[in-house]
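Note sheet for the following structure.
Residue numbers start from 1 in every chain, and the chains themselves are labelled A, B, ... in the order their sequence lines are given, proteins ahead of strands. Since this is a predicted model, take the numbers as computed values, not measurements. Keep in mind that the numbers below use all heavy atoms, side chains included, and drop hydrogens, waters and symmetry copies.
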Number of protein chains: 2
Amino acid sequence: MQIGEISQRCGITVRMLRFYEAEGLLQPHRTGSGYRDYSEADLEEAKRIKQLADAGLTVEAMHDLLPCIISPKPTFHPCDRLRARLEGEVAKLDQRLADMERSRSQIVGYLADLPVDTLVPMSQD
Amino acid sequence: MQIGEISQRCGITVRMLRFYEAEGLLQPHRTGSGYRDYSEADLEEAKRIKQLADAGLTVEAMHDLLPCIISPKPTFHPCDRLRARLEGEVAKLDQRLADMERSRSQIVGYLADLPVDTLVPMSQD
DNA sequence: TTTGACCCTAACAACGCTGTCAGGGTGCAT
DNA sequence: ATGCACCCTGACAGCGTTGTTAGGGTCAAA
């Protein structure tokens, strides 16, 4: 199938399909005229990529992961590096989550201190 | 004081002080020779900026916020736009937090399904 | 054969900072 | 007057995508 069709079927934009390919993921066959020609297997792989992307993984991470993933469920091949990688991703996410939580409570704190416009007379001007 | 000193005192790099200035925040006086000359008031403002930056706010958000903030605690001037802005920031953070939580549990789910290397024989090669 | 939908590559722009480098002044001390 | 620490501006690089545009082929249908 052509890129437009697989795009619709897996939910990845044409732009991103080409981008992933340039990054070394999902390289389809080409027709004589240079058109990308995706197989059903490519479609399954594309769906997996979409899952990982939605999970917030970078292309670089997917690079390590995809060779180990065999089912769209996904199930994995035995692969210690994969486990380490995933654990690393979780750790990174946890770090960012903690940072954002801190930001959030900071701002919420600001809001709590915020006087209400209509009740507070202008004091400084 | 010069930029190097205020940098050390507020914890913002020299680079970022200049950047914030270019963005319209914190514009210090200049000496005859063009050196930035920061006042104590500038230092207080810089500290507020640092707080907001640490809270994850963008320069654009600070732009709206800073005119309303008068104390480094921070306390705010009455300012409805400010409240709306902060609430918007919280909403944005909540959105991102939710996304990341979803990513996290997705990956954790992957990990749970991951077979252990040493127990599973190589099947594919 | 001409239209129109589709495909191709290449490359620039943007997000929001942040570092770094180049090329050049300023100011104080020796 | 020489050095050294500090300052200045401007601009490029990088993060990891994602959109968009430009300039150009391909293919099937009317």
Partner residues of [X] under the salt bridge (charged side-chain N to carboxylate O under 4.0 Å, His left out) criterion, sequence neighbours left out:
X	answer
A:E101	none
B:R96	none
A:E23	none
A:D37	none

Task: Verdict with reasoning, B:E44 to B:R48, per salt bridge (Lys or Arg N to Asp or Glu O under 4.0 Å) - done: CA-CA 6 Å; B:E44 294 312 304; B:R48 268 170 255 145; 5.5 Å; no
Side chain to side chain contact (heavy atoms under 4.5 Å, CB included) partners of [X], counting only residues at least two apart:
X	answer
B:D94	A:R104, B:V90, B:L97
A:E60	A:T58, A:R85
A:Q8	none

TODO: Tell me which residues in residues 33-42 of chain A put a heavy atom below 4.0 Å from DNA chain C, sorted by number, or none.
DONE: A:G34, A:Y35, A:R36
TODO: Please list residues of residues 6-21 of chain B whose heavy atoms come under 4.0 Å from any atom in DNA chain C, ordered by number; otherwise none.
DONE: B:T13, B:R15, B:M16, B:F19
- [ ] By nearest nucleotide on DNA chain C, pick out whichever of A:I3 and B:T31 is the more 5' one.
- [x] A:I3
[X] [atom1] to [N] [atom2]: how many Å, rounded?
X	N	atom1	atom2	value
B:E89	C:dG16	CD	P	11 Å
A:H63	D:dT17	NE2	P	11 Å
A:R96	D:dC15	CZ	P	15 Å
A:K50	D:dT17	NZ	C1'	14 Å
A:M1	C:dC6	CE	C1'	16 Å

Task: Contact under 4.0 Å: A:R30 side-chain N or O vs C:dT9 OP1/OP2 - done: yes
- [ ] Using only side-chain N and O atoms of B:Q2, determine if any of them is under 4.0 Å from OP1 or OP2 of D:dC7.
- [x] yes
TODO: To the nearest 10°, let me know how far the axis at one end of the helix from C:dT1-D:dA30 to C:dT30-D:dA1 is tilted from the axis at the other, five pairs an end.
DONE: 40°
Open item on the list: If you assign A:G32 and A:L57 each to the DNA chain D nucleotide with the nearest heavy atom, which residue ends up on the more 5' nucleotide?
Closed with: A:L57
TODO: State whether the side chain of A:D42 and the backbone N or O of A:S39 hold a donor-acceptor pair below 3.5 Å, judged by distance alone.
DONE: yes
Open item on the list: Going by side chain to side chain donor-acceptor pair (under 3.5 Å), name the residues that satisfy it together with A:T13, two or more places apart in sequence or in a different chain.
Closed with: none
- [ ] Please name all residues satisfying side chain to side chain donor-acceptor pair (under 3.5 Å) with A:E21, sequence neighbours left out, ordered by chain then number.
- [x] A:R30, A:R36
